[in-house]
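In the text below, chain A, chain B and the rest are named by the order of the sequence lines, each starting its count at 1.
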Number of protein chains: 2
Amino acid sequence: MTVTIKDVAREAKVSVASVSRALNGVGGVTPATEQRIREVAARLRYVPHGAARSLITKRTHTVGALMPDLHGEFFSELIRGIDLEARTHGLHLLVSSSHNGADDAAAALRAMQGRVDGIVILSSPGVDAAFLKTNLPESLPTVLLNSDMKAGAAAVLNIDNFAGTYAMVRHLASLGHRRIAFVTGPKNNFDARQREAGFRAAMTRLVPGTSPRIVSGDFSEASGYLAGRELLSGKVRPQAVFAANDMMAVGCLQAFKEAGIAVPGDIALVGFDDIPIARYVTPPLSTVRVRIAELGKNAMDLLADLINRPGSSAASVHTLGCDIVVRESCGGASGRNLNHHNQENPSRVESTTKLEGSS
Amino acid sequence: MTVTIKDVAREAKVSVASVSRALNGVGGVTPATEQRIREVAARLRYVPHGAARSLITKRTHTVGALMPDLHGEFFSELIRGIDLEARTHGLHLLVSSSHNGADDAAAALRAMQGRVDGIVILSSPGVDAAFLKTNLPESLPTVLLNSDMKAGAAAVLNIDNFAGTYAMVRHLASLGHRRIAFVTGPKNNFDARQREAGFRAAMTRLVPGTSPRIVSGDFSEASGYLAGRELLSGKVRPQAVFAANDMMAVGCLQAFKEAGIAVPGDIALVGFDDIPIARYVTPPLSTVRVRIAELGKNAMDLLADLINRPGSSAASVHTLGCDIVVRESCGGASGRNLNHHNQENPSRVESTTKLEGSS
DNA sequence: GCGCACAACGTAAACGTTTTCATGCAGCCT
DNA sequence: AGGCTGCATGAAAACGTTTACGTTGTGCGC
């Protein structure tokens, strides 16, 4: 770090301008001198000072990722997808992964100002349209993940919760289940609301004439456990239970086990997310897989596009389809599958990234 | 972003110097004018340009995290721990989480030059002492995670694999097991080697006179499965199996299940890591917990210290203790535990962060 | 043989800060 | 009353780049 472009220039007996030109490969310099400069630079271990460069270039080659304090697979896979793709675009990743509430997020956002060329924001309660309006500089390219913003200043990329839930209900219905219950997620969660909507829509279309039982949960295992017990307590037991995420499904499973209700023999059970745990519980849990790393990759692509061609695809809405993966917990289908080492073949529901241009 | 310190100065009818002083709270400015400047800055939504600032300050208020392309809990928890703690130090986090091999890592490292005040590096095959010697600028504060470097230019923070394994063997021995087998991790993995060493040491000390069976794995579930079958194929079956990580233990479990061997009835089984899956398999897996987020936090603290007091604790070696958590898979102890909602009380083995100053 | 175009290279400005130094002004002490 | 101390403020340098512009020199066409 202590070696600057001037040192290289002096050592190579050229001006700093030539060093810059040579190292950036913009031409305007003889192959011979370029070679010499490169050698000197390498020998001196010169590496350009990023801050100085971006001061004049107005490009930081860095993108920010702003997300709430969540742990687990979702977070790591998302970051991984983003980072991997960022690399291919020659971008670095500045993460702020642990804010709690809007104030934290606002601070993080402010701190990122001038350090990033663009930003990926994972929505969370408090970080919504209004929040962004006041805290985001207009000019900053932004991609919103899982946001219910229709089309504002930013591009929006969503998981197709609706289609995923719908497809899973279709599968359950095809197995002959009619009394299908649903365990919801938290009310203020975007995914949770979409999944519930998908479930309701699917039921009225695919299993008409029934009014499905819906009990509320909050995405936690404990709430799933409670929901499971509640579902068992009714006078007529559901044939299938659809939990809005896998952790709650696991909670249900526990409740059923304790009550001596066999899964899938007495009751079918499915979840949503395909967390790693899903395939290791007994019986392995059928669920809807969301390809998180791919979500991150797509977000990054969108953002890179926004950065390189300002205003290109801003204010567009995209969705990423889900796969339904059938294991044992919903019965029927492939039957008992003793060895979970073999590959599952998830059936892709809707993976087209549809673009609803607007603005 | 397009509003600079000059705009604020003009609007507040002072010089840029005063704006800088006022906003940085360094004094040398009347409370009245400071107030005025702050108001103007707020009204204009002025936020200082990080690059320009760090150009002169030589501080980026950013630290880098360099890690291999690993997914899952370890990655996310580590990042989380680091980020959370970085925040308290007023630092941001630049991650490069997906390199494969030394070349990638070198490129990532070079790209971070001048963008970070310090760096946390998670060792991986290829990223070792020699690698760092050639790719790390001397002056850059560095914390190495899980490195076998004794004490070089950087601070080193390790998981106490040895003590963790040792304690778990002690527990198994206390349950009466004498024929304890071990499934190793990959040969080039630091953790794996330490765990094996801990196992061997514990066995010679605690169960003397036996020569334990040791079969090799590579940390993957599949290799654990194979190892499990191999262990069963011998003429005398082990009483307990210690897998060097949880995924392999899960593989073993599957092998045992297929062979009709009951866990823990016929054979005890333990792992290492306490990944989330561990508590959801049947039977829930006893294991050694490494507090990953705490590892990240400690690394960050170490690094912040290095940054603020150059040369303070460089070239020191620290270790973070593990907890052993007893579930059902090793039998004995707490007996069958029907409800896994209740809290487990891991017994902490050795959590003192011992510092072996050197240099 | 002369000028002209073009390529190679150097000079210097610019980016947005922080910080050192100089300047002016007020108040205090003697 | 005069000089000195100290404080608020402004001017300008510095940080390490990129880049617009100017300068030089070379080769080429006529």
Comparing nearest nucleotides in DNA chain D, the 5'-proximal residue of the pair B:Leu55, A:Arg53 is B:Leu55

Per the salt bridge (Lys or Arg N to Asp or Glu O under 4.0 Å) rule, what does the pair list look like for residues 76-85 of chain B, sequence neighbours excluded?
A:Asp69-B:Arg80, B:Glu77-B:Arg80, B:Asp83-B:Arg87, B:Glu85-B:Lys297

From CZ of A:Arg59 over to P of D:dT19, roughly how many Å is that when rounded to an integer?
12 Å

Within the 4.0 Å limit for protein heavy atoms, which parts of nucleotides 5-12 of chain D are touched? Write it as a string from 5' to 3', B for base, S for sugar-phosphate only, - for none.
---SBBB-

Check the distance between C:dA8's P and A:Gln35's CD and give it to me in whole angstrom.
16 Å

Using whole Å, report how far CZ of A:Arg10 lies from C1' of C:dT11.
18 Å

Among D:dT17, D:dC15, C:dG16, the nucleotide that comes nearest once only the side chain of B:Lys58 is considered
D:dC15

Rounded to the nearest Å, what distance is computed from the CZ atom of residue B:Arg115 to the C1' atom of nucleotide D:dT17?
13 Å

Protein and nucleotides 24-28 of chain D: nitrogen or oxygen contacts under 3.5 angstrom:
none

In chain order, what residues pass the side chain to side chain contact (heavy atoms under 4.5 Å, CB included) check against A:Leu109, with sequence neighbours excluded?
A:Leu66, A:Ile119, A:Ile121, A:Phe131, A:Asn135, A:Leu136

Rounded interatomic separation in angstrom, taking CG from A:Leu44 and P from D:dG16
14 Å

For A:Leu44, give me all partners under side chain to side chain contact (heavy atoms under 4.5 Å, CB included), at least two apart in sequence or on another chain.
A:Val3, A:Asp7, A:Val8, A:Glu11, A:Val40

Rounding to an integer number of Å, can you tell me how far A:Ile5 CD1 sits from C:dT11 C1'?
14 Å

Presence of A:Ser20 side-chain N/O under 4.0 Å of D:dT17 phosphate oxygens OP1/OP2:
no

Measure from the side-chain N and O atoms of B:His49 to the backbone N and O of B:Ala51, and report whether any donor-acceptor pair falls under 3.5 Å.
yes

Could you tell me which residues satisfy side chain to side chain contact (heavy atoms under 4.5 Å, CB included) with B:Ser18, sequence neighbours excluded, listed by chain and number?
B:Val14, B:Ser15, B:Arg21, B:Ile37

Sorted by first residue and then second, give each side-chain hydrogen bond (donor to acceptor under 3.5 Å, both in side chains) pair with at least one member in residues 35-44 of chain B; sequence neighbours left out.
B:Glu34-B:Arg38, B:Gln35-B:Glu39

Restricting to non-hydrogen atoms, name the atom on A:Leu295 and the atom on A:Phe74 that form the minimum distance, rounded to 0.1 Å.
CD2-CZ, 4.4 Å

To the nearest 10°, let me know how far the axis at one end of the helix from C:dG1-D:dC30 to C:dT30-D:dA1 is tilted from the axis at the other, five pairs an end.
60°

Atom-to-atom span, CD1 of B:Ile56 to P of D:dA13 - whole angstrom:
13 Å

In chain order, what residues pass the side chain to side chain contact (heavy atoms under 4.5 Å, CB included) check against A:Thr62, with sequence neighbours excluded?
A:Thr60, A:His92, A:Leu94, A:Val116, B:Leu94, B:Arg115

Residues at least two apart in sequence or cross-chain that pass salt bridge (charged side-chain N to carboxylate O under 4.0 Å, His left out) with B:Asp117, listed by chain then number, are B:Arg59

Expressed as a whole number of angstroms, how long is the span from A:His61:NE2 to D:dT17:P?
14 Å

Partner set under salt bridge (charged side-chain N to carboxylate O under 4.0 Å, His left out) for B:Asp191, not counting sequence neighbours
none

Write down the atom of A:Pro141, the atom of A:Leu306, and the distance for their closest heavy-atom approach.
CB-CB, 3.9 Å

